[in-house]
There are 4 protein chains.
Amino acid sequence: MARGRRVNSCGEKSKKLLMENAIELFSTYGYHQTKISDIVKSASLTQPTFYLYFQSKEILFNDLNKRFHNELTEIFSAYDINGKFGIDLIQESLTLMFNYFIENPNLTKIGFYEAEQSTAVKEMLVSELIHILNTQLKDSNVLKQVDTTILAESLIGSVERLTLTNLLTKKTSPEQLAKEICMIYFATELSLVQS
Amino acid sequence: MARGRRVNSCGEKSKKLLMENAIELFSTYGYHQTKISDIVKSASLTQPTFYLYFQSKEILFNDLNKRFHNELTEIFSAYDINGKFGIDLIQESLTLMFNYFIENPNLTKIGFYEAEQSTAVKEMLVSELIHILNTQLKDSNVLKQVDTTILAESLIGSVERLTLTNLLTKKTSPEQLAKEICMIYFATELSLVQS
Amino acid sequence: MARGRRVNSCGEKSKKLLMENAIELFSTYGYHQTKISDIVKSASLTQPTFYLYFQSKEILFNDLNKRFHNELTEIFSAYDINGKFGIDLIQESLTLMFNYFIENPNLTKIGFYEAEQSTAVKEMLVSELIHILNTQLKDSNVLKQVDTTILAESLIGSVERLTLTNLLTKKTSPEQLAKEICMIYFATELSLVQS
Amino acid sequence: MARGRRVNSCGEKSKKLLMENAIELFSTYGYHQTKISDIVKSASLTQPTFYLYFQSKEILFNDLNKRFHNELTEIFSAYDINGKFGIDLIQESLTLMFNYFIENPNLTKIGFYEAEQSTAVKEMLVSELIHILNTQLKDSNVLKQVDTTILAESLIGSVERLTLTNLLTKKTSPEQLAKEICMIYFATELSLVQS
DNA sequence: CATGAATGAGTTTTCATTCAT
DNA sequence: AATGAATGAAAACTCATTCAT
């Protein structure tokens, strides 16, 4: 049967196609339930083509996770976000992060929930948050009563769950969700400000 | 090794041994990375023996998850917990749950984090919590400002993360963790009470 | 759990029970689809008990076949059957054989259809039949036109199929079936006799 | 051996090779005694290659049987065979069938003797034969004395046995065997014609 | 005499990966 | 750049058989 390069084929296009389909499948079925044969089938390519662009299934998966981790780090660690401070800075950071999640829903499912590396991602978020809390909210009421680390871990836990149940399902918008979370966590500060 | 029955062997003991090793391995390496050969090896038994007690790896895993789900349901859904009400009831429920987690750390890792069924478990917890909020705290300040469902999802997210980072690592005790979570979520109510 | 000899248990009884259940299962599901675990389950006994009475599954199966072969040989090779001659002798032999089949339907299914050894059984029948034809019917019309061996093989083929479809299903009685077969095979002789 | 594609390899060739070796082995040793490892070994291929072309051993076996059944149905059910009638039609049909058997001896052994489905094949043949008898020979002498169904079953039994002992062993030619069978079954009609 | 408990030795099946074209 | 064909390595699972009690 006919073999060799297809008309209209183009390296970069094939690579992108494979990657997108891989993300989709990994996020839907998980790493182990996604076979290379599934990926290439949904990209209408063949298995050797996969190995033309990716060294192995595992390396592709890890690369995807690194990408997620990096892009997230970049967003969250921009310390002077639109010139905001205090709770506003947190709310703005969350909004930016949620927007990134909404724009990359499948990559988020992988990097935030599916991968072993998700642990590292969340640890990074927690330490970024701790940093903000320490620098921006050290005199707040909340932190007088609750351990900073616990507060940070708790908030990231909330983010984790609400992203899955309310954000990616489009029940709540990025802005709204960021606001609600701040309301939950900093109600005491906000009420003082508002009054 | 010779065939047939071993000296001092006993069915129930072997079954329990296999189950415990399976829980340990599943919780450490995950379902897919745990091979039946690993389980029986760590129990010093053979593969056929595994099938003597469990129909398949998948069924064992599901049974483990059902057990976790059931035991958790029982704890959390005892509506009149030690005659407590309002926030106290929530704090008491969390304490009981955290105690169960501490007593079954590996099963918790499986049923709360590893399994597909963990989704159902958390949904159950969320709806139990919503019920409590609706019946016990409907006039609270928090719920005036935040959507009940979002609050419940958020709190379960916090539980999820803090269990992993602070409870199972023994950084925080069940009682303390329950208290901190209530502090975070119901600071406004508590301060009113306290003042 | 309780082990050891049951009340009311008795060696010979258990052996017979096992054998009968084995015959039933072998005849229904075939040698390979019948597992020792099936046999002992349907006899309400255990696997080691099986090995108390039979050396192995294969040996039991072979013994069953030998028994069938021997009992059949005895019947068919009784040369002076009730003082009959010619076609009557054949008809009488068939009747006796069919009666044996009816009395041992499951053993027949095994020894005549299921076993590799069934080849030998049928060869034996063919050679017995050839002997009868040669000694009793050598001047018959049929044998003038048809090769004796082919006639014998054909008749045993008929016996084989009709036993399965008409005898063991009780559609036709042993006597009637023997008669019909003789009618088919020796019509020309019989009509001469009758006219 | 090195992995990947072999020199000069070709899918269809491998598939055919596997199928032929499977037929050979199934017919010689039976379904259960034939392991996939045997099939691929005799085709000088590996187990995964088997699954490249066949879903499972059982499905391959069933497909082989369907093929036999279909090809046989086609031959036997061609009602106007070379413009023949009556006994000639039967003789011609048998000849065609025997020729098919001779050309496909191993498939015949499987589909006619080894498979569970052989029951269905023979039932089909019986009902075809009954149809012919009813339409072409309803006034014959034989059918006055013998039940049509019994005659048909008997004849198919003869075919079954003689195919194995005389046809596939090449002791008798297709034409000769068909003739002999007709002689046995329709001697009375033929003698009338001949006289 | 009988059993509960266990295993050796296979069997089918899957899947990431690689060669020749 | 891409593919058809193939495979190594390992997975889950089965079953006749055997030991200790």
Side-chain angles (χ1 to χ4, degrees), chain A residues 1-15 32 34-40 45-53 55-58, chain B residues 1-15 32 35-38 40 45-58, chain C residues 1-15 32 35-40 45-53 55-58, chain D residues 1-15 32 35-38 40 45-53 55-58:
Chain A
M1 255 193 212
R3 229 168 291 156
R5 184 176 176 174
R6 294 241 211 90
V7 246
N8 245 336
S9 71
C10 160
E12 278 312 305
K13 222 170 72 186
S14 295
K15 182 173 183 175
H32 286 101
T34 300
K35 298 167 216 158
I36 297 211
S37 59
D38 298 330
I39 298 173
V40 299
L45 288 165
T46 60
Q47 308 216 24
T49 303
F50 178 93
Y51 287 91
L52 220 52
Y53 300 110
Q55 290 194 331
S56 73
K57 181 182 159 182
E58 197 180 353
Chain B
M1 206 184 283
R3 252 200 258 188
R5 179 176 189 151
R6 298 252 209 83
V7 201
N8 231 331
S9 70
C10 159
E12 279 310 307
K13 224 168 68 186
S14 295
K15 182 173 182 177
H32 287 100
K35 316 296 173 189
I36 294 191
S37 60
D38 299 329
V40 297
L45 289 165
T46 60
Q47 302 222 25
T49 303
F50 178 92
Y51 288 94
L52 217 54
Y53 300 109
F54 310 105
Q55 284 190 279
S56 74
K57 181 181 147 180
E58 197 181 353
Chain C
M1 254 192 214
R3 233 169 287 152
R5 182 175 178 171
R6 295 240 212 90
V7 247
N8 245 337
S9 72
C10 158
E12 277 311 304
K13 222 168 75 186
S14 294
K15 181 171 183 179
H32 287 99
K35 299 167 217 158
I36 297 210
S37 59
D38 298 331
I39 297 173
V40 298
L45 288 165
T46 61
Q47 308 214 24
T49 303
F50 179 92
Y51 287 92
L52 220 53
Y53 300 110
Q55 291 195 339
S56 74
K57 180 181 160 183
E58 198 180 353
Chain D
M1 207 182 285
R3 254 201 258 187
R5 181 175 187 152
R6 299 253 209 84
V7 203
N8 232 329
S9 70
C10 160
E12 278 309 307
K13 225 169 65 185
S14 294
K15 181 174 183 178
H32 287 101
K35 316 296 175 191
I36 295 190
S37 60
D38 298 329
V40 298
L45 289 164
T46 60
Q47 304 223 26
T49 304
F50 179 92
Y51 288 93
L52 218 54
Y53 301 109
Q55 285 190 276
S56 74
K57 182 181 145 181
E58 195 180 353

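We name chains A, B, ... by the order of the sequence lines, and we start the count at 1 in each one.
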Next item on the list: Please report how far the helix from E/dA2-F/dT21 to E/dT21-F/dA2 bends, comparing the axis fitted to its first five pairs with the axis fitted to its last five, to the nearest 10 degrees.
Entry: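 The end-segment axes of the helix from E/dA2-F/dT21 to E/dT21-F/dA2 are tilted 30° relative to each other.
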Margin query: Heavy atoms from C-beta onward define the side chain here; which of F/dA1, E/dT3, F/dT3 lies closest to that of A/Tyr53?
Written below: F/dA1
Next item on the list: Could you work out which one of E/dC1, E/dA5, E/dA20 sits closest to the side chain of C/Leu52?
Entry: E/dC1
Item checked: Whole-Å distance separating the CG atom of A/Leu45 from the P atom of F/dG4 ->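 Value for this atom pair: 11 Å.
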Notebook entry, point to check: Whole-Å distance between E/dA20 P and D/Arg5 CZ?
Noted result: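 So the CZ-P distance, D/Arg5 to E/dA20, works out to 10 Å.
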Item checked: With sequence neighbours excluded, residues passing side-chain contact (heavy atoms from CB on, under 4.5 Å) with C/Gln55 -> C/Ile59
Item checked: Any residue meeting side-chain contact (heavy atoms from CB on, under 4.5 Å) with A/Tyr53, in chain and number order, not counting sequence neighbours -> A/Ser14, A/Lys15, A/Leu18, A/Thr49
Note to self: On DNA chain E, does the nearest nucleotide to B/Ser14 precede the nearest nucleotide to D/Asn8 from the 5' side, or the other way round? Give the residue.
What the structure shows: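 Whichever sits nearer the 5' end wins; that is B/Ser14.
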Item checked: For the student: nearest non-hydrogen atoms of B/Asn8 and B/Lys13, plus distance ->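 Answer, listing the atom of B/Asn8 first, then B/Lys13: O-NZ, 3.4 Å.
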Checklist line | Where D/Thr46 and D/Val40 come nearest, the two heavy atoms and their spacing | finding: O-CG1, 3.5 Å
Item checked: Distance below 4.0 Å between C/Thr46 side-chain N/O and E/dA2 OP1 or OP2 -> no
Check: Taking OP1 and OP2 of F/dT7, is either one under 4.0 Å from a side-chain nitrogen or oxygen of D/Arg6?
Finding: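 Yes, D/Arg6 has a side-chain N/O under 4.0 Å of OP1/OP2 on F/dT7.
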Margin query: If you assign each of B/Gly4 and A/Lys15 to its closest nucleotide in DNA chain F, which residue comes earlier from the 5' end?
Written below: A/Lys15
Item checked: Distance in Å, A/Ile39 CD1 paired with A/Phe50 CZ, rounded so as to fall on 0.5 Å steps ->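 Reported to 0.5 Å precision, the distance equals 5.0 Å.
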Note to self: For B/His32, is there any backbone N or O sitting under 3.5 Å from a side-chain donor or acceptor partner on B/Lys35?
What the structure shows: yes
Checklist line | Heavy-atom protein contacts under 4.0 Å, nucleotides 10-16 of chain F, coded B base, S sugar-phosphate only, - none | finding: -SSBBBB
